[in-house]
Each structure stands twice: as C-alpha cells, then as structure tokens.
**Q** 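Before I ask anything, let me first share the structure, which is written out below as structure tokens.
Both backbone and side-chain heavy atoms feed into the values below; hydrogens, waters and symmetry mates do not. Every chain is numbered from 1, with letters handed out A, B, ... down the list of sequences. Computed from a predicted model, the values in this text were never measured in an experiment.
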Amino acid sequence: AQSVTQPDIHITVSEGASLELRCNYSYGATPYLFWYVQSPGQGLQLLLKYFSGDTLVQGIKGFEAEFKRSQSSFNLRKPSVHWSDAAEYFCAVTASGTYKYIFGTGTRLKVLA
Amino acid sequence: DTAVSQTPKYLVTQMGNDKSIKCEQNLGHDTMYWYKQDSKKFLKIMFSYNNKELIINETVPNRFSPKSPDKAHLNLHINSLELGDSAVYFCASSQEGFRAGVANEQFFGPGTRLTVL
C-alpha cells in the first residue's frame, strides 16, 4: 500500500540548533517527493521537491532534504533553526502519471528561544 | 496577488444545513483539488478535477459534491452537514505535468475552517 510515515509527531529544538525531520515512504512506482510547511492558520507552502537527479535538494528558508532510495527516506534538515520555523511540516509523495498525492501525518516543530 | 483563494475563511453552521465553499486560482493551472484536514492535522484528498473533469473521487459521502464551472474554479457543496464534517478544508491547484520526468507541486489556498454545531 502507498503510504508516507512521519514518525515524529512533535519535535522541540532550541533556536540555533540543527534540525532533522524524518519521512519514510512506501510507493510502488518511482516516487516524487515533497516537503511542505504549514504555519498556524495558513495553507501549505512548498519547501522543496525531488523527482530525479542529485539526491540532495535545496529548498527555501535554508532547508534541504536527502533522498535515500535504499532506506525509502526523504529527511528534511536545517543546520540552524530560527524561531520563525515553528510550524507543522508535511512530507508528501506522488508519481508520474497520477494526480494523487499522499501526505504524511505531519510533524509539529516547536522552537525554544 | 493571491494565487489560490478560498471563501469563506470561517464557516460556522448548524447540523443539517447545506453550505458551499468556493475556490479560485489565478495560476492558469489545469488541476484543482479539495483536501480535508482533521483536528489531528491529517490531510486527506477528497476530489480532484483536471480541465473541469473529475479525476479523483475518494471515499467521500455523497453529501459532498464538487463543481468546477471552469478551470480556475472548484467549489465544494456540502448537504446535510454533520458534526464530523467539522474540519479545515483546503483547495489546491497544480499544473498538469504528470508526464515523464515532470513533478509539479501543489499550491494551497489558506483554508476554510468549517465548524458544525
């Protein structure tokens, strides 16, 4: 079955600390992977996406993610977190030839001053 | 300019009522979606339209009826509202590009928070 798992429901980090949010997927076809961020009361905004090529992709706001096919993972990282990064983060997967996206359950990030 | 807009932003209504949520995108995209986000933030696709044609219809009660008068609009009508319909509903759009080697992200609206009393 197609699925996306974000094992961490909540993560708390101190401002300036590094961050890694985990995402694992199960998908029969070659996956196209996305990370979105949702600030309180807002819609989702794309951080970055991967569909081929270099497995380390750079996104907006200083985020990056690495696609590891052998581990079926697409973890999101940031070297130094800012207080404004506090939000809900969603990993999503789709594939060529389908209109359907599957979203993970989200990880809520809290940033301590 | 707002890329994907939804109205209303908040909707409070009584059980049994019928209500509509409107969505418009000015990105020139071919495909539009409705998602439901529950209280635990789980985001589940409900419908998708491509060039005004229904292409995804997940297991959604038939009280929910999407309508796409043109490529830029996808409205959601809900009949006989129930308590369990309370959620945030998101509209999204993407450029059709599910051809070989192309992956297009979805652009989301700000959401409509529906509360059924």
Side-chain angles (χ1 to χ4, degrees), chain A residues 2-6 8-11 21 23 25 27 29-53 57 59-60 63 65 67 74 86-110, chain B residues 2-7 9-10 21 23-25 27 29-51 53-59 74 88-113:
Chain A
Q2 301 162 349
S3 66
V4 176
T5 301
Q6 293 180 246
D8 304 304
I9 299 174
H10 297 281
I11 282 188
L21 302 182
C23 173
Y25 67 89
Y27 210 83
T30 300
Y32 296 157
L33 295 151
F34 306 81
W35 273 101
Y36 286 85
V37 60
Q38 183 182 22
S39 298
Q42 305 293 316
L44 280 70
Q45 179 186 19
L46 181 73
L47 284 176
L48 45 79
K49 65 182 179 182
Y50 170 82
F51 63 94
S52 67
V57 293
I60 62 171
F63 284 92
F67 172 59
F74 188 56
E88 192 91 23
Y89 290 80
F90 292 92
C91 181
V93 65
T94 189
S96 176
T98 177
Y99 294 92
K100 189 174 178 180
Y101 290 70
I102 298 171
F103 282 81
T105 49
T107 297
R108 179 165 293 181
L109 174 65
K110 183 177 179 179
Chain B
T2 303
V4 182
S5 59
Q6 295 178 229
T7 54
K9 190 168 175 61
Y10 299 96
I21 307 172
C23 178
E24 176 181 2
Q25 55 95 2
L27 298 167
H29 287 166
D30 302 286
T31 309
M32 296 183 73
Y33 307 78
W34 276 111
Y35 287 88
K36 179 180 181 181
Q37 187 176 50
D38 62 24
S39 58
K40 295 184 178 180
K41 300 290 186 180
F42 182 61
L43 200 62
K44 182 171 168 52
I45 191 167
M46 300 173 69
F47 302 103
S48 178
Y49 271 72
N50 176 255
N51 286 317
E53 286 192 31
L54 183 65
I55 52 172
I56 294 175
N57 185 354
E58 292 295 286
T59 307
L74 180 61
V88 181
Y89 292 83
F90 285 101
C91 177
S93 72
S94 68
Q95 181 61 43
E96 181 184 9
F98 291 92
R99 299 178 286 275
V102 178
N104 290 316
E105 67 266 29
Q106 297 188 327
F107 291 77
F108 284 80
T112 295
R113 181 174 292 277

**Q** Is the backbone N or O of Gln106(B) less than 3.5 Å from a side-chain atom of Tyr36(A), with the two atoms forming a donor-acceptor pair by type?
**A**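 Side chain of Tyr36(A) to backbone of Gln106(B), a donor-acceptor pair under 3.5 Å: yes, one is there.
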**Q** Using non-hydrogen atoms only, which part of Ile45(B) is less than 4.5 Å away from chain A: side chain, backbone, both, or neither?
**A**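 Contact with chain A involves the side chain of Ile45(B) alone.
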**Q** Please look at Gln45(A) and chain B and tell me whether the side chain, the backbone, both or neither of the residue comes under 4.5 angstrom of a heavy atom of that chain.
**A**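 No part of Gln45(A) comes within 4.5 Å of chain B.
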**Q** Please flag which part of Phe107(B) lies under 4.5 Å from any non-hydrogen atom of chain A: side chain, backbone, both or neither.
**A**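 Neither part, no heavy atoms under 4.5 Å.
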**Q** Under 4.5 Å, counting heavy-atom pairs only, tell me which of Ile102(A), Leu46(A), Leu44(A), Thr105(A) racks up the most with chain B.
**A**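 The answer is Leu44(A).
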**Q** Would you say the side-chain atoms of Ser48(B) pair up with the backbone N or O of Met32(B), donor to acceptor, closer than 3.5 Å?
**A**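 Yes, the answer is positive, given that a donor and an acceptor are paired below the 3.5 Å cut-off.
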**Q** Is chain B contacted by the side chain of Glu88(A), its backbone, both, or neither, given a heavy-atom distance below 4.5 Å?
**A**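 For Glu88(A), side-chain heavy atoms alone lie under 4.5 Å from chain B.
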**Q** Using heavy-atom distances under 4.5 Å, tell me whether Lys44(B) contacts chain A through its side chain, its backbone, both, or neither.
**A**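 When you check distances to chain A, no heavy atom of Lys44(B) falls under 4.5 Å.
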**Q** Does the gap between the ring centers of Tyr35(B) and Phe90(B) come in under 6.0 Å?
**A**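 Distance test on ring centres: not under 6.0 Å, no.
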**Q** Test Tyr101(A) against Phe90(A) for ring pair (Phe, Tyr, Trp, His ring centres under 6.0 Å), laying out the working first.
**A** CA-CA 12 Å; Tyr101(A) 290 70; Phe90(A) 292 92; over 10 Å; no
**Q** Measure from the side-chain N and O atoms of Trp34(B) to the backbone N and O of Cys23(B), and report whether any donor-acceptor pair falls under 3.5 Å.
**A**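 Side chain of Trp34(B) to backbone of Cys23(B): no pair is present.
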